[in-house]
Amino acid sequence: MPTKTPQPTAPRPAPPLREIRKVLIANRGEIALRVIRACRELGIRTVAVYSTVDEHALHVRFADEAVCIGPGPSSQSYLNIKNIIAAAELTGADAVHPGYGFLSERAEFAEIVQKCKLTFIGPDPSHMRVMGDKVMARQTMERSGVPVLPGSGVLTSAAHAVAEAERIGLPVILKASAGGGGRGMKIVRDIKLLPQTLQTAQVEALKAFGCGDMYLERYVQSPRHVEVQVVADQHGNANHLLERECSVQRRHQKVLEEAPCSVLSEPLRREMCAAAVAAAKAIGYHSLGTIEFLLDGDRFYFMEMNTRVQVEHCVTEMITGIDLVQEQIRLATGEPLGHLMREFRPRGHAIECRINAEDPIKFAPQPGTISALHFPGGYGVRVDSHMYQGITVPPYYDSMLGKLIVHAPDRQQAIRRMQRALGECVIEGIQTNIPLHRWLLKQPAFISGKYDTHFLESSLDPEAVRAEADAEAQA
Ligand code: MV4
């Protein structure tokens with residue numbers, strides 16, 4: 001097998017505590033606000049960076065200082081490492097928070113931040129590299145006793161691929177070793193099609209990721225996506241903060257998330273959460289992290305690890321009472337897990353709807369100006385959003401306007417609370433996916449909790465979503 005043998009990171013001596021007094025947030029939108037809020041409560045000063053189209057953005061207004069780092073396109077601003085580092089040096093920041101997306105999982109960025117004597121609020125670049133290489137991640141997990149699907153190493157030829165597929169059994173899925181999040185995957189049901197599919201996939205992966213390495217896995221037909229939140233300190237301690245159910249997706253974009261997962265039995269939850277902690281310990285991980293699993297009946301398999309704070313972290317916050325971003329900052333200073341070391345039990349149920357600026361039926365992004373805005377409130381409702389009345393949503397970034405999160409004693413009450421909150425939501429001037437959410441929350445498959453990763457795309461009913469949009473317009 002030509003595949004590199006992964007070496008789990010050896011335990012390191014814990015570094016001394018590094019004080020954080022000023023954080024530069026290398027991001028925009030709701031997550032930049034989320035980090036600023038955590039910093040303010042911790043008594044830490046904040047530096048926003050922004051592109052010219054974000055001059056009036058809330059993250060710029062809420063931060064103590066702000067530095068313009070370039071024009072609208074992210075390649076010239078939020079991905080512009082030189083300008084971001086210059087902004088940190090100019091303002092005397094001592095730490096950098098990458099948020100999610102943009103530079104958050106780029107090992108080279110974390111490395112540059114560290115070389116500039118700044119604290120990276122996240123794991124080591126080495127952790128990002130192991131988990132960014134999906135073949136290495138799989139092998140490391142397998143060796144650590146974390147369940148993985150039958151699969152191959154990097155495929156060296158069409159003949160090798162066919163031999164491996166025959167050993168694994170059809171159907172199989174071809175994945176790019178440098179991919180992730182659903183990018184660069186192809187399902188193969190007929191062995192005759194494997195050589196051609198492999199070649200196409202290699203070319204595409206090389207173009208998209210700069211690496212054409214592909215591997216095979218047994219394909220699971222109707223899985224659920226369940227992920228476990230882990231926390232780890234720089235002293236070798238790791239723990240979990242329960243799981244999130246994220247199966248409501250479209251084209252690998254999550255649409256709605258909940259915590260806990262309504263179909264996990266208590267023994268299975270314990271097993272999955274223990275596997276996630278073992279995964280983090282296997283690489284000597286520190287900071288916040290998420291272990292994604294495919295759940296197939298009562299079996300689960302490691303998929304990927306995300307080494308950043310995730311969009312859906314809020315549902316975990318609601319059911320655990322832990323401010324994950326504050327903890328992430330605290331862990332970056334070298335503090336031990338402390339109060340995070342206890343056993344967490346789900347406290348009620350939380351649901352998050354991602355509110356996007358898009359056509360609710362065709363899903364095309366809808367940049368534009370918000371002419372009227374009213375967010376819901378009341379007991380058990382949380383809104384994490386960077387919107388304000390009059391904002392012009394630029395076309396350069398993702399279309400998420402914010403997140404509506406509810407918390408209630410049980411799942412049924414959480415669904416009712418979300419329906420109530422969506423009913424209070426007013427966003428005029430641009431189309432949003434709120435009608436899609438209103439439709440979704442009425443679906444018997446959703447209400448019963450018996451859905452998998454194909455549910456949204458297979459049961460989407462444009463007429464019914466249109467009816468929700470019309471009903472909303474009437475109200
Ligand atoms: C799979 C799979 C079935 N079998 N792997 C998509 C995202 C990436 N994390 C892994 N993904 C999948 N990997 C095997 N061996 C099905 C998916 C998948 C999926 C996973 C989670 C949520 C939504 C999904 C939608 C389609 C496919």
Side-chain angles (χ1 to χ4, degrees), residues 100-101 105 131-139 141-142 146-155 161 164-165 167-189 194 197-198 201 204-205 208-209 213-229 243-259 261 263-264 272 275-276 279 289-297 299-308 310-312 315 352 354 363 440 445-446 449-460:
Y100 53 67
E105 293 187 289
M131 290 304 176
D133 178 332
K134 307 303 166 188
V135 169
M136 203 190 284
R138 253 182 70 85
Q139 290 176 349
M141 292 304 118
E142 192 172 13
V146 178
V148 297
L149 282 158
S152 73
V154 174
L155 301 169
E164 287 292 75
R167 181 179 61 81
I168 295 162
L170 292 173
V172 289
I173 184 165
L174 266 170
K175 296 187 177 185
S177 190
R183 302 188 311 147
M185 305 186 333
K186 294 200 190 294
I187 301 160
V188 179
R189 299 175 188 280
L194 181 54
T197 312
L198 173 63
E204 287 177 11
F209 316 117
D213 289 358
M214 303 295 301
Y215 66 103
L216 282 171
E217 255 180 14
R218 193 184 89 210
Y219 179 64
V220 180
Q221 306 265 7
S222 309
R224 295 174 75 114
H225 173 135
V226 181
E227 57 185 33
V228 176
Q229 179 70 58
E243 80 283 359
R244 295 185 284 262
E245 159 72 64
C246 307
S247 299
V248 183
Q249 309 209 357
R250 184 183 167 273
R251 300 198 181 163
H252 305 297
Q253 290 292 319
K254 293 168 186 159
V255 170
L256 175 153
E257 304 96 345
E258 40 182 331
C261 170
V263 298
L264 267 196
M272 188 183 280
T290 300
I291 315 290
E292 295 183 2
F293 293 102
L294 275 191
L295 179 63
D296 184 18
R299 300 211 166 202
F300 62 86
Y301 306 95
F302 170 83
M303 280 288 106
E304 292 175 19
M305 179 173 190
N306 300 315
T307 58
R308 58 175 192 273
Q310 291 195 260
V311 175
E312 62 271 25
V315 292
E352 171 179 282
R354 296 190 186 194
F363 297 93
L440 182 56
F446 179 78
K450 294 193 185 89
Y451 59 89
D452 61 34
T453 51
H454 303 296
F455 157 61
L456 183 56
E457 279 172 292
S458 65
S459 61
L460 248 183

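Order of listing sets the numbers, starting from 1, for every ligand and every atom in it.
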Item to check | Those residues that, when tested against Glu227, pass salt bridge (Lys or Arg N to Asp or Glu O under 4.0 Å) (two or more places apart) | outcome: Arg244, Lys254
Next on the checklist: Could you work out, with salt bridge (Lys or Arg N to Asp or Glu O under 4.0 Å) as the rule, every residue matching Glu257, not counting sequence neighbours?
Outcome noted: Arg354
Item to check | salt bridge (Lys or Arg N to Asp or Glu O under 4.0 Å) partners of Lys186, counting only residues at least two apart | outcome: Glu204
Item to check | Nearest heavy-atom neighbours spanning Met131 and Ala137 | outcome: SD-CB, 3.7 Å
Next on the checklist: Tell me whether the NZ or CZ atom of Arg250 lies within the 45° cone about the ring axis of Phe363 and under 6.0 Å from its centre.
Outcome noted: yes
Checklist entry - What is the ring orientation for Phe300 with Phe293, classed by angle as parallel under 30°, tilted 30 to 60°, or perpendicular over 60°? => result perpendicular
Tabulating one pair per line, provide the atom names and distances (0.1 Å) for every N/O atom of ligand 1 that is less than 3.5 Å from a protein N/O atom.
from: ligand 1; atom 1: 4 (N); to: Val220; atom 2: N; distance (Å): 2.9
from: ligand 1; atom 1: 5 (N); to: Lys175; atom 2: NZ; distance (Å): 2.9
from: ligand 1; atom 1: 9 (N); to: Glu292; atom 2: OE1; distance (Å): 3.2
from: ligand 1; atom 1: 9 (N); to: Glu304; atom 2: OE2; distance (Å): 3.1
from: ligand 1; atom 1: 13 (N); to: Lys175; atom 2: NZ; distance (Å): 3.1
from: ligand 1; atom 1: 15 (N); to: Glu217; atom 2: OE1; distance (Å): 2.9
from: ligand 1; atom 1: 15 (N); to: Arg218; atom 2: O; distance (Å): 2.7

